[in-house]
Amino acid sequence: ELKVEQNPLFLSMQEGKNYTIYCNYSTTSDRLYWYRQDPGKSLESLFVLLSNGAVKQEGRLMASLDTKARLSTLHITAAVHDLSATYFCAVDSDSNYQLIWGAGTKLIIKP
Amino acid sequence: DTAVSQTPKYLVTQMGNDKSIKCEQNLGHDTMYWYKQDSKKFLKIMFSYNNKELIINETVPNRFSPKSPDKAHLNLHINSLELGDSAVYFCASRRTGGHEQYFGPGTRLTVT
């Protein structure tokens, strides 16, 4: 059974600091997705990582994928308050068109 | 233009009632999903349809019945609502062989 684990599940940090959210998954997959959810809002796609070594960057966020280690990271550089949200990673199950979701990481960035 | 839309956005109802949530996507996608998100924000897949055919039917009570009249619509009917059904329900769609799922705005269901 494919499992996706995120850590940490909760992260409180100061503005200006750097931090990394980790997403581990339990089977071979070369397609991984990061989503952002603001409180009371829907999920918004952030990054689509489709191959080993893929790296995507958008502003202060950078995501990478290591399919051999079955690990993706979401790195936050010089955090700002506007990045406060819950971040989810999800992995293609290779069957049934299904994504397997992590539990989400709630990120709070204090001014 | 709205890509994935859901109605209603909020739904407050009493235990035992029957209610429906509607979802429509104008992206031309052929796979649609229903998710339940509980208060702890965990996302649980409930159903998935591909070209109007049910392909995922996770362990949910049979009080929940999805219906897909065409590829652009996936509705969710819930019978005999219970307190534990209170959650946010998200519809999503995806292009077969494509990549990310696109989510609707969610329907916050409160059962009293």
Side-chain angles (χ1 to χ4, degrees), chain A residues 1-11 21 23 25 29-51 54 56 58 61 63 65 72 74 84-108, chain B residues 2-7 9-10 21 23 25 27 29-59 68 71 74 87-110:
Chain A
E1 180 188 351
L2 176 57
K3 291 185 180 178
V4 179
E5 292 184 352
Q6 286 183 237
N7 72 83
L9 296 183
F10 180 80
L11 177 57
I21 300 170
C23 177
Y25 54 97
S29 178
D30 57 4
R31 295 192 296 275
L32 189 138
Y33 311 84
W34 284 98
Y35 284 80
R36 169 180 173 150
Q37 186 179 32
D38 292 309
K41 302 292 186 182
S42 186
L43 283 87
E44 173 191 359
S45 176
L46 284 176
F47 299 111
V48 178
L49 303 169
L50 298 177
S51 61
K56 296 271 183 81
E58 177 84 25
L61 299 178
L65 177 62
S72 178
L74 180 65
S84 298
T86 298
Y87 293 87
F88 292 90
C89 65
V91 175
D92 252 316
S93 69
D94 271 341
S95 64
N96 289 340
Y97 314 98
Q98 185 178 356
L99 293 184
I100 308 300
W101 292 83
T105 296
K106 184 171 183 178
L107 175 63
I108 295 177
Chain B
T2 303
V4 183
S5 59
Q6 293 179 231
T7 54
K9 191 169 174 60
Y10 299 97
I21 307 172
C23 177
Q25 54 94 5
L27 297 167
H29 292 169
D30 46 15
T31 304
M32 296 184 72
Y33 307 82
W34 277 112
Y35 286 92
K36 178 180 180 181
Q37 187 175 46
D38 60 26
S39 57
K40 294 184 178 179
K41 302 299 184 187
F42 187 72
L43 269 175
K44 175 182 163 58
I45 181 76
M46 300 176 70
F47 301 103
S48 175
Y49 271 73
N50 176 256
N51 285 316
K52 301 194 301 175
E53 290 193 18
L54 181 66
I55 54 171
I56 296 173
N57 184 0
E58 292 295 315
T59 306
S68 181
K71 288 198 312 183
L74 180 61
V88 180
Y89 292 83
F90 286 102
C91 176
S93 73
R94 186 186 196 191
R95 178 171 53 88
T96 302
H99 306 138
E100 68 262 54
Q101 293 180 4
Y102 291 79
F103 282 79
T107 296
R108 182 174 293 277
L109 172 65
T110 304

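First the proteins, then the strands, lettered A, B, ... as listed; each starts at 1. Quick caveat, the model's predicted, so the values are computed rather than measured.
Residues meeting the salt bridge (charged side-chain N to carboxylate O under 4.0 Å, His left out) test with A/Asp38, sequence neighbours left out: A/Arg36. Applying the ring pair (Phe, Tyr, Trp, His ring centres under 6.0 Å) test to A/Tyr87 and every residue at least two apart in sequence or in another chain returns nothing.
For chain B, the nearby part of A/Leu50 is the side chain; its heavy atoms alone come within less than 4.5 Å. Heavy-atom distances place no part of A/Glu44 under 4.5 Å from chain B, backbone and side chain included.
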*Step by step, work out the side chain to side chain contact (heavy atoms under 4.5 Å, CB included) result for B/Gln101 and A/Tyr35.*
CA-CA 10 Å; B/Gln101 293 180 4; A/Tyr35 284 80; 3.7 Å; yes
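Atom NZ of A/Lys106 has 12 or fewer heavy atoms from other residues, nucleotides or ligands within 6.0 Å. Atom NZ of A/Lys3 has 12 or fewer neighbouring heavy atoms from other residues, nucleotides or ligands inside a 6.0 Å radius.
Taking CD of B/Gln37 as the start and CG of A/Leu43 as the end, the distance is 6.0 Å to the nearest 0.5 Å. In this structure, A/Leu9 CG and B/Phe42 CZ are separated by 11.0 Å, a value rounded to the nearest 0.5 Å. Between A/Asp92 atom CG and B/Glu100 atom CD the span is 11.0 Å, to the nearest 0.5 Å.
With ring centers used as reference points, B/Tyr33 lies 6.0 Å or more from A/Trp101.
In this structure, A/Ser42 contributes its side chain and B/Gly106 its backbone to no donor-acceptor pair below 3.5 Å.
The two atoms that bring B/Phe90 and A/Gln37 nearest to each other are CZ-NE2, 3.5 Å, heavy atoms only.
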